[in-house]
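Take a look at the structure below.
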There are 2 protein chains.
Amino acid sequence: MEIENESRNPQDQPVADKELVEKVRQKMPDEEPLYDLAELFKVFGDSTRIRIIWALFEADMCVCDIANLLNMSQSAISHQLRVLKNSRLVKYKKSGKTVYYSLNDDHIKKIFELGMEHIME
Amino acid sequence: MEIENESRNPQDQPVADKELVEKVRQKMPDEEPLYDLAELFKVFGDSTRIRIIWALFEADMCVCDIANLLNMSQSAISHQLRVLKNSRLVKYKKSGKTVYYSLNDDHIKKIFELGMEHIME
DNA sequence: TTAACATATGAACAAGTGTTCATATGAGCA
DNA sequence: TGCTCATATGAACACTTGTTCATATGTTAA
């Protein structure tokens with residue numbers, strides 16, 4: 001009985017360089033943090049949310065002023081702020097009827113700047 | 001005829017702090033780069049693409065080895081590599097039948113590391 | 001209390017996305 | 001030439017997502 005030279009994975013994919021695949025596999029982070037990272041970038045992957053965050057770079061703002069700034073409905077902004085809140089990217093402070101949102105993470109600005117550098121290249 | 005105290009935008013949103021909205025509006029970047037930035041993060045916002053990129057941090061790889069590493073079909077990987085290629089995040093080099101992909105941007109690793117920092121917080 | 005206001009929320013729908021499947025392309029080899 | 005292999009591609013489909021619309025919640029002021 002011969003051993004096949006080319007290894008195969010469960011999906012029956014041929015492997016060109018089995019050693020390399022194993023080496024890289026061992027260096028890969030666990031699935032979960034990579035999944036979480038994708039979830040974070042998914043949040044950044046919408047221009048409304050990008051613009052909300054960019055506005056909050058400049059100043060803490062209430063929902064209606066953000067809606068006005070971006071020329072969008074209060075409801076749309078509120079929905080998106082919830083997404084940002086769920087990702088711990090923004091926090092809020094209530095003041096009477098008004099709710100003021102602000103950024104909750106110092107990394108965001110740096111991430112955005114690096115992203116901009118890629119775009120400008 | 002009286003001038004209303006509260007200004008309204010085309011969507012009939014009340015404005016709490018008109019001056020602030022104007023100040024922030026002037027500091028906001030143009031729509032287009034913000035739209036492009038969202039497009040970039042959209043590309044990062046998928047765990048398959050995140051894992052492909054992370055693999056390429058370790059080594060340049062051909063399509064079938066990436067498919068094997070991630071235990072996914074060659075077709076799925078090829079489709080995703082095209083997305084990465086269109087965003088100028090990866091480049092490729094042909095060698096006979098085989099196509100080797102590699103990263104095309106030094107910012108990516110930094111962006112991912114900062115993203116990870118947010119997750120770990 | 002009632003009215004006005006700021007915000008949040010749920011349902012619904014159109015638009016977008018990732019994978020699969022089948023097949024095309026193009027290079028190397030017999 | 002014809003066959004095999006690595007990759008690319010198009011169509012189809014299920015699934016996800018962002019907005020709108022209607023309405024609920026909760027606060028302030030009269």
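Letters go in sequence order (proteins before strands), and every chain restarts at 1. Predicted model only: the values in this text are computed from it and were never measured.
- Within the nucleic acid shown, B/K94 has no heavy atom closer than 4.0 Å to any nucleic acid atom.
- Phosphate proximity of C/dA27 to B/T98: absent, as no side-chain N or O sits under 4.0 Å from OP1 or OP2.
- To the nearest 0.5 angstrom, B/L114 atom CG is 14.5 Å from A/K109 atom NZ.
- We find that CZ of A/F44 is positioned 16 Å from P of D/dT17, with the value rounded to whole Å.
- Mapping A/A76 and A/K97 onto DNA chain D via the closest heavy atom, the residue that lands nearer the 5' end is A/A76.
- Atom CD1 of B/I66 and atom P of C/dT19 are 14 Å apart (whole Å).
- B/Y92 comes within 4.0 angstrom of no nucleic acid atom, judged by non-hydrogen atoms across all strands.
- If you run side chain to side chain contact (heavy atoms under 4.5 Å, CB included) between B/I66 and each of B/M61, B/Q80, B/M72, only B/M61 comes through.
- Summarising the geometry, the separation between CZ on B/R82 and C1' on C/dT25 is reported as 14 Å, rounded to the nearest angstrom.
- Distance from the side chain of B/Q80 is smallest to C/dT19 among C/dT19, C/dA8, D/dT7.
- Taking atom OH on A/Y101 and atom P on C/dT7, their separation rounds to 9 Å, with Å as the unit.
- To the nearest angstrom, C1' of C/dT17 lies 14 Å from CG of B/N86.
- Listed candidates were D/dT19, C/dA8, C/dT20. Nearest to the side chain of A/S78 is C/dA8.
- The side chain of B/H79 approaches D/dG10 more closely than any other nucleotide in the set C/dA11, D/dG10, C/dT7.
- When the P atom of D/dA6 is taken as reference, atom CG of B/D65 falls 10 Å away, rounded to whole Å.
- Between the side chain of A/Q74 and the base of C/dA8, at least one donor-acceptor pair of N or O atoms lies under 3.5 Å.
- A tilted orientation is assigned to the rings of A/F41 and B/F44, their planes being inclined by 30° to 60°.
- The distance from the CG atom of A/L69 to the SG atom of A/C64 is 11.5 Å, given to the nearest 0.5 Å.
- Comparing atom distances between the A/K42 side chain and each of C/dA8, D/dT17, C/dT17 picks out D/dT17 as nearest.
- Checking the phosphate oxygens (OP1, OP2) of D/dT7, no side-chain nitrogen or oxygen of B/S75 falls inside 4.0 Å.
- Ring geometry for A/H107 versus B/H118: interplanar angle over 60°, hence perpendicular rather than tilted (30 to 60°).
- Using a 4.0 Å heavy-atom criterion, one finds that B/Y100 contacts no nucleic acid atom at all.
- Phosphate proximity of D/dG18 to A/R49: present, with a side-chain N or O under 4.0 Å from OP1 or OP2.
- We find that CE of B/M72 is positioned 19 Å from P of D/dA6, with the value rounded to whole Å.
- Atoms CG (A/D46) and C1' (C/dG16) sit 12 Å apart, rounded to a whole Å.
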